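Input: a single structure, listed below in structure tokens.
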2 protein chains.
Amino acid sequence: MDERGTTVRARTLAGAGAASDAAPVAPARITDVARLAEVSTATVSRVLAHPERVAPGTRARVEEAVARLGWVPNPAARTLRSQKTRMVLVVLPDLENVFFSRILRGIEETLAAAGYGMIIADLGPASPRAGALAAFARRQVDGVILLNGRRLGPEAEDMPTIALCETIPGAAIPQIAIDNRAAARRVVAHLVGLGHRRIAHLAGPEGNVLEIERAAGYEDGLRDAGLAPDPALVWPGDYTLEAGVAAASRLLPGPGSAPERPTAVFASNDTMAIGLVGALQEAGLAVPDDVSVAGFDDIEFAAMYRPALTTVRQPRRDLGRVAAEAMLARLAGREASAEGPLATELVVRASTGPARR
Amino acid sequence: MDERGTTVRARTLAGAGAASDAAPVAPARITDVARLAEVSTATVSRVLAHPERVAPGTRARVEEAVARLGWVPNPAARTLRSQKTRMVLVVLPDLENVFFSRILRGIEETLAAAGYGMIIADLGPASPRAGALAAFARRQVDGVILLNGRRLGPEAEDMPTIALCETIPGAAIPQIAIDNRAAARRVVAHLVGLGHRRIAHLAGPEGNVLEIERAAGYEDGLRDAGLAPDPALVWPGDYTLEAGVAAASRLLPGPGSAPERPTAVFASNDTMAIGLVGALQEAGLAVPDDVSVAGFDDIEFAAMYRPALTTVRQPRRDLGRVAAEAMLARLAGREASAEGPLATELVVRASTGPARR
DNA sequence: CGAGGTCGTGTAATCGATTACATCGATCTT
DNA sequence: AAGATCGATGTAATCGATTACACGACCTCG
């Protein structure tokens, strides 16, 4: 009879007090509840899963017993039997990127309210761990929310999956995101409104979905103003601070600088924008007096930075919430109601100003 | 016989290829492995848990079968039977605080190498969710690493617990941290070395363990230099950006300013230091020419900021690693080897400079 | 040569829930 | 009034592993 066997388990039936006298008390089991309520375990289980199928009187007795014992179904047993884990995996490209934390909160809140837990996996864009993670996911979670723009691998191919922010073109799964293109277009419109005519774009990594959309929006914005896109004004970048720093040289006099220097730059994210601004200041240029710089994302630092950064605020908590809701719908067998992209907000701060005469 | 019953399960015995023709393939079970290796399930299980008790030939057969089928033990079944989840819970006060992300990585790497998973819970300093979390922890994890300086509650009282960074005075659990006091002392010594004599301290929240230590180190540093601590130079704060901004007024001429204004400030964290520097610059004071400012933590932003911040670097990844190792030791029944506090590094950047003559 | 070991393996109980099916009394149908 | 139907509940199989104990083969030693 193994370790525990039929010996009586340490247990305090105390409804309230008694939490103090410790001594490892084994958690209540369904049989304890059944005995106390004088019903079978099947009935106890039914009270949770299908309350309407249990007579009101019986249900009340069971509920009282559950409360008295503080019983919570053993998740391992439940998972084993029902093949449902009540957990969702969230895959990030980089946990250190502050952009994600608030999204995570939105997801977590929503899932928790539905009785689901969240497991976070921090996976680089092309980590070798992806395979192991897929295998893990198969057993440990009911669904996957991807924030890294990459499917997890064949092992997890057939499980409920949702792409968030970094959409996955062509994948037949719900995709939740903002309208990057429209937002970028608005940034450019803002700059144009300030009188800028030569506006550069500091790009994200080539091929990145977000970058493709933001670049398209940038061109839209130029066209709206009757300006011709100029390839010399689209500068390569990769979302890192260093890329921003490097781009500064193009604005300074000397070799490598753009022939006709732009008066404003739209950077594809805040981190690059900050790198750029810092390097410009170091070199003696004033922002926004000499050059205006706008970013994208509205990370916490954007407001803290001097000059405070003009940028696009993403509804991060809502993005998380909506993705989680889509996942819950999917898990409940409902079709996820297809909402359009979420609204963004242009936040005008101190890093953009009137074009220099 | 329920849903699945005795029907033959969809399964491909393919060792390699064949991953393409999808159709939800049920994962292999221990009985599948046993059948293929022509042994009992007990033997299969033993190959994993106690390989030395299995004859080499048999072991090889089993291992080959495991590999062929790609079998991974069902975690729910394993947990149910063994009462071990192979998961560790990490409790944070605030996931949005960038300070934690690298620590998390250190923890995760170390745990993963030992076959453990990590679950993150984002809990405010005094969240009502703590109770629910404790109940969750009881069933879902084998141990808890606390980064928020608070025990989880009676439910989780008797499980392996480790405090990290924010220690919990008096708790009889392993505590991993840096020597905040010594580090603060070194910051002050650095400022003294630059010629500063009036050095203020922008404090953290009252009662916070970290603040208590850092404040003590600040006084140590002053005493080392033969300077008398002056209560008027210890300014209240709470680790937020706003607290830093607010503190700036004390350095500016006008009402509320310190009588004899300090030439340097040691802030208890980087966020406050940045708030302070930003507000000072806004008000026309130069950093470090007029005032030197040092922070603590070396968050990513510290290096990005202009002027780049002088601060104390914590070995974040190592903190995570060491805590995880202590947890693994505890879970394996070994006593955690009591190391002392981890070493920090003073990072001198541009926000501190010689005292003004 | 037989008692007592050791070694390798199998049998079956067990972890704690869920749920198909059986059962049983009460109500409805014609 | 006999049979059908329905609602409430119990019985027991089941999920997939772990592991105490049993067993048989072989070895050792007095």
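Order of the sequence lines sets the chain letters (A, B, ...), proteins ahead of strands, with each chain counted from 1. Quick caveat: nothing in here was measured; it's all calculated off a predicted structure.
- Shown here are the salt bridge (Lys or Arg N to Asp or Glu O under 4.0 Å) partners of A:R46, two or more places apart in sequence or in another chain: there are none.
- Here D:dA17 presents its C1' atom at 8 Å from CG of B:L80, a figure rounded to the nearest Å.
- Rounded to whole angstrom, the span from the CZ atom of A:R139 across to the P atom of D:dC15 amounts to 14 Å.
- In this structure, the nucleotide among C:dG16, C:dT18, D:dA17 sitting nearest to the side chain of B:R29 is D:dA17.
- Contacts of A:R321 classified as salt bridge (Lys or Arg N to Asp or Glu O under 4.0 Å), with partners at least two apart in sequence or in another chain: A:D318, A:E325.
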Polar atoms only, N or O, under 3.5 Å: list the protein pairs with nucleotides 22-25 of chain D and their distances.
none

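- The phosphate of D:dA17 (OP1 or OP2) has a side-chain N or O of B:W71 nearer than 4.0 angstrom.
- Taking the screw axis at each terminus of the helix from C:dC1-D:dG30 to C:dT30-D:dA1 from five consecutive base pairs, the angle between the two is 50° to within rounding of 10 degrees.
- Every side chain to side chain contact (heavy atoms under 4.5 Å, CB included) that B:A135 has, sequence neighbours left out, goes to B:E155.
- Applying the salt bridge (Lys or Arg N to Asp or Glu O under 4.0 Å) test to pairs two or more places apart or on separate chains, none has a residue in residues 166-177 of chain B.
- Residue A:L48 contributes atom CG, which lies 10 Å from atom P of C:dA17 at whole-angstrom precision.
- The side-chain heavy atoms of B:V72 and B:P27, taken from C-beta on, include no pair separated by under 4.5 Å.
- Atom CD1 in A:I30 sits about 14 Å away from atom C1' in D:dA12, given to the nearest Å.
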Please list, for nucleotides 8-11 of chain C, all pairs of protein and nucleotide N/O atoms separated by less than 3.5 Å.
| residue | atom | partner | partner atom | Å |
| --- | --- | --- | --- | --- |
| C:dT9 | OP1 | B:T58 | OG1 | 2.2 |
| C:dT9 | OP2 | B:A55 | N | 2.9 |
| C:dT9 | OP2 | B:T58 | OG1 | 3.4 |
| C:dG10 | OP2 | B:S40 | N | 2.8 |
| C:dG10 | OP2 | B:S40 | OG | 3.1 |
| C:dG10 | OP2 | B:T43 | OG1 | 2.8 |
| C:dG10 | N7 | B:R46 | NH2 | 3.0 |
| C:dG10 | O6 | B:R46 | NH1 | 3.2 |

* To do: Please step through salt bridge (Lys or Arg N to Asp or Glu O under 4.0 Å) for the pair B:R68 and B:D32, ending with a clear verdict.
  => CA-CA 11 Å; B:R68 278 267 294 281; B:D32 300 324; over 6 Å; no
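- In this structure, the CG atom of A:L69 is 14 Å from the P atom of C:dG16, given to the nearest Å.
- A search for salt bridge (Lys or Arg N to Asp or Glu O under 4.0 Å) contacts involving B:R105 returns A:D94, A:E96, A:D122, not counting sequence neighbours.
- Summarising the geometry, the separation between NZ on B:K84 and P on D:dT18 is reported as 13 Å, rounded to the nearest angstrom.
- Looking at residues two or more places apart in sequence or on another chain, you find a salt bridge (Lys or Arg N to Asp or Glu O under 4.0 Å) between A:E109 and A:R317.
- For B:D142, the side chain to side chain donor-acceptor pair (under 3.5 Å) test picks out B:T85, with sequence neighbours left out.
- A:R86 meets the side chain to side chain contact (heavy atoms under 4.5 Å, CB included) test with A:R78, A:Y116; sequence neighbours excluded.
- Of the candidate nucleotides C:dA17, D:dA17, C:dT18, D:dA17 has the atom nearest to the side chain of B:A77.
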Enumerate, atom names and distances included, each donor-acceptor pair closer than 3.5 Å involving a side-chain atom of residues 51-64 of chain B, sequence neighbours excluded.
| residue | atom | partner | partner atom | Å |
| --- | --- | --- | --- | --- |
| B:R59 | NE | B:P51 | O | 3.2 |
| B:R59 | NH2 | B:P51 | O | 3.2 |
| B:R59 | NH2 | B:V54 | O | 3.3 |
| B:R61 | NE | B:A37 | O | 3.0 |
| B:R61 | NH2 | B:A37 | O | 3.1 |

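- Of the two residues contacting DNA chain D, namely B:A49 and B:A76, the nearest-nucleotide position lying further toward the 5' end is that of B:A76.
- In this structure, CZ of B:R78 is placed 18 Å from C1' of C:dG16, rounded to the nearest angstrom.
- Per the geometry, CG belonging to B:N74 stands 8 Å off C1' belonging to D:dC15, to the nearest Å.
- Residues A:I162 and A:A323 share a closest heavy-atom pair of CD1-O, 3.6 Å.
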